[in-house]
Amino acid sequence: MKKSVYNGLYIVIAILVVLPFVLPNSFYVDLAIRMAINAVIVLGLNLLVGFAGQISLGHAGFLGIGAYASAVLPTHFGWHPLLAMAAGAAATGLLAAVVARPIFKLKGNYLAMATLGLGIIISIALRNEAQWTGGPDGMPVPAMGMFGFELTNDKQWYWVVAILLSVSVWASLNLIDSPFGRALRALHGSEVASQVVGVDVVRYKVAIFVLSAVFASLMGSVTAHYVGFVSPNFADFFHSIELMTMVVIGGMASVYGSLVGAVLLTALPQALATFEGWETVVFGAILMLSMIFLPKGLVPTLAAKFGKGE
Amino acid sequence: MLAQFLQFLFSGITVGATYALAALGFTLIYNASNVINFAQGEFIMLGGMLAVFFVQAGLPLPVALVLAILIPAIVGVLIEKLAIEPVRGAETVTLIIITIGASLVIRGLTSVIFGKGTHSLPAFSGETPIDILGATLMPQSLWVLGVTALVVVALWYFFSRTLQGKAMLATSYNRLAAELVGINTGWVLFMSFAMSAALGALGGILITPITLTSYDVGIMLGLKGFVAAVLGGLGNGLGAVVGGLLVGILEAMGAGYISSAYKDAMPFVLILFILFFMPRGLFGGKSTDRV
Amino acid sequence: MSMLQVKDLSIHFGGVKAVQNVTFNIDAGIVYAVIGPNGAGKTTLFNLITGVYKPTTGEITLDGEGIHGKSPNELATRGVARTFQNLQICMNMSAVENVMVGAHLRLDRNLVKAALRLPGLKKRDAELREEASELMNFVGLGQYVEARADAMSYGALKRLEIARALAMKPRLIFLDEPAAGLNPKETIEVDHLVRKIADSGVTVVLVEHDMKMVMNLSDRILVLNYGKKLAEGTGEEIRTNPDVIAAYLGAHA
């Protein structure tokens, strides 16, 4: 990994700074905010899936825990939103850590099954505990405030999310090119080889699973406060698949791919709104076609095409 | 007490038989291609919906049923030809997303063509319940169980006694070796998608008079079929049948004795618990990596 | 006392007894070869000693401490390194990164420090990259430092595995057929490389089919046949052992 990977970070920051001045109206600002939120989640998920080579088909469950912590704790118990967010992240981290040990003895399709099951159990629980969560209808979320200042308009949200995204990209790049990141990539490349040089494989899988789950939970809280509403759809199986698709379409093991994947798949439903009634069909077809023709994802495919001189 | 227990048991094995058929579908495709076909549930949905549609259109029941099995089988083959064969050997995640894409296309098309309503099918031989030790058994349940049993026996015969069946088994053990002895593994792939789609559709048709159907029932049915297949040990046919019945019974008992709201969560709690202790399911055996 | 002591070691896979009651000792500082026909259990023996497989019965002690049943990463902390008969290179990483992974245990693996890119960690990483490049020079891969692993030849990857193992700064290294699939010139280079490794003070255990290389390098030789120990001794003793000649060398002579 060369120093030049950080050049991409400067471009990302430049785009984030310029964007609010060129976006024509609040519709696009809203879209940009949701893209950036998804990008942060996908960065975390890509560390687990793309770099460490594991599967999670239940990540939306973690997002749901964060989102509902931010909805339920302030509403029913009067907690400060930041405290609620931290509690959600802590609970998610704890849950992920407890289940991760047995789960990451599993591989491939068995791992897919276990993570899928975990996500579904969480989403069913959120749907059923209606006295706390509002059940299938969801519930409103109080505004996020700190130090007497309330985050209300989209411009404020934009800058908060833009900073979160920039920091996440920077931290991901750092992590990948570190002893920790090399161990992660090595266990993807050859589990037995990484073991014999001393990598405690299960420990690393657990660590990155917990990290990406906590990322998802925190961003679930952010989404909840930003949208002002949570519903069980946050946590459902299909949302997990959407997140996973963002990773793969952008490019596994590619930091910038995560951003591209998040941007494209967040925009797609908007673009498909014109296909009244046919959205699901077109969305499914796009998933299939992109996987068939770009199995390595956009960014790695383009990099291979144009980066031969490197 | 006993009557109540029997009642839950009857409804459990009836639904379980459908899961078993779905799990067999997962197993067939997994053995032929190492793909987990997340569109399996849509075949169940498609079978039920098409049967409803053809019966409403006035076709005689047997014709309607045959068509409702045949069309999903063709859809299955199309998925294989257009979406699975071009990406042979792709990563697990890629294959999962492709089959989920396929399931969305099927579900979306169904909702466009047949609408989003809930439909039912008349029971095949009346609605007069049979009384067994105080519990009631619907005649349709006998249809479900009887046909499932027949299918299991037929599959057993196919895989253990016919050359085609043995060729499919051989391919699942070692594709390269199978090709070297002259087995057409492309044909095997084709057959396994056709058969598993047909199995799913059959299950969907049989259960529709009991549980009703709509364009969106496929996903949960399919995921539970996946649970059943993993529970039995992926790739193990007998395991899939046992897994399906176990999942059905557990779900019915859980709904009856514990909480009906958490009925759908039970199979997933079960599979997590099983995998924690038996990482390759009940009958999955132990594998050793060669290095 | 010998550095490595293996006593009555056995492993069964179902009904197959891949290694049966094998006993031997390896003294520090020597080159020890394990030979035998294909399927004799040589790689299985390596897998048992390096923790990849758990023995069914038997004891393995390293410096007097029992290590049987310990995981590979625990053994790595005790200075045991190995290479693989079937290459186990991380193709998703560059060549030099593969070597750097070998130094895993000597580094600060803290996740938070890594994410924040603290200067100390960064400096240490730069030093490590330098060290890994030197190791690649040592094994004769100097020109590949910037290469991607998946762009390298089979022979180069074999040596890359050795460099990765050396990056652990091991006391005991297991080399599983380092010359398999190499041409005669490359084989001689590997022969010299193993000698250099042994001269640097690392105890070497070698599985190899190239008899010339084995006889040339080894201080002692263990012969396995059908999972059992057939003979053990110096090169001369093995060469003249009638059992070995009958079972093994005889086929080549």
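Sequence lines set the chain letters: A, B, ... in the order given, protein chains first and strands last, and positions in each chain run from 1.
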Greater than 12 external heavy atoms within 6.0 Å of B:Lys81's NZ: yes
Residue B:Val269 versus chain A: region with a heavy atom under 4.5 Å: both
Side chain, backbone, both or neither of A:Leu116 within contact of chain B (heavy atoms, under 4.5 Å): side chain
Side chain / backbone / both / neither for B:Ile96 at chain A, heavy atoms under 4.5 Å: side chain
Option in A:Leu287, A:Ile286, A:Val281, A:Leu111 with maximal non-hydrogen atom pairs under 4.5 Å from chain B: A:Val281
Proximity breakdown for A:Phe238 and chain B, heavy-atom pairs closer than 4.5 Å: side chain
Largest heavy-atom contact set with chain A, pairs under 4.5 Å, which of B:Thr92, B:Leu109, B:Asp264, B:Leu270: B:Leu109
Interface residue of largest heavy-atom contact number with chain B, from A:Ala112, A:Ser190, A:Gly108, A:Ala125, under 4.5 Å: A:Ala125
B:Ile98 side chain reached by B:Ile79 side chain, heavy atoms, under 4.5 Å: no
Side chain, backbone, both or neither of A:Leu57 within contact of chain B (heavy atoms, under 4.5 Å): side chain
Donor-acceptor pair between A:Ser123 and A:Asp236 side chains, under 3.5 angstrom: no
Beyond-backbone contact of A:Phe234 with A:Leu126, side-chain heavy atoms, under 4.5 angstrom: no
Options A:Thr245, A:Val248, A:Asn109, ranked by heavy-atom pairs under 4.5 Å with chain B, top entry: A:Asn109
A:Thr115 and A:Ser56 side chains, donor-acceptor separation under 3.5 Å: no
B:Ile219 versus chain A, the contacting section by heavy-atom distance below 4.5 Å: side chain
Contact winner vs chain B - A:Met244, A:Met113, A:Met288, A:Glu279, heavy-atom pairs under 4.5 Å: A:Met113
B:Tyr215 ring center within less than 6.0 Å of B:Phe114 ring center: no
Side chain, backbone, both or neither of B:Ala90 within contact of chain A (heavy atoms, under 4.5 Å): neither
Contact check, side chains of B:Phe190 and B:Val77, non-hydrogen atoms, under 4.5 Å: yes
Between A:His59 and A:Ser212: side-chain donor-acceptor atoms closer than 3.5 Å: yes
Under 4.5 Å from any heavy atom of chain A - which part of B:Val230: both
Under 4.5 Å from a heavy atom of chain B, the part of A:Ile120 involved: side chain
Aromatic ring proximity, centroids under 6.0 angstrom, A:Phe209 and A:Phe62: yes
Among A:Ile241, A:Ile292, A:Leu118, residue most engaged with chain B (heavy-atom pairs, under 4.5 Å): A:Ile292
CA sep, side-chain torsions, deciding dist, call: B:Glu91, A:Lys296, salt bridge (Lys or Arg N to Asp or Glu O under 4.0 Å): CA-CA 9 Å; B:Glu91 293 219 32; A:Lys296 289 198 185 312; over 6 Å; no
Which atoms of B:Leu272 approach chain A - backbone, side chain, both or neither, heavy atom under 4.5 Å: side chain
Test item: A:Gln54 and A:Leu187 side chains (from C-beta on) under 4.5 Å apart, heavy atoms: yes
Segment of B:Pro86 engaging chain A (4.5 angstrom heavy-atom cut-off): side chain
Residue pair A:Thr266 / A:Asn38, side-chain donor-acceptor N/O under 3.5 Å: yes
Proximal component of B:Met278, with respect to chain A [non-hydrogen, under 4.5 Å]: neither
Side chain / backbone / both / neither for B:Leu234 at chain A, heavy atoms under 4.5 Å: both
Residue B:Phe38 versus chain A: region with a heavy atom under 4.5 Å: side chain
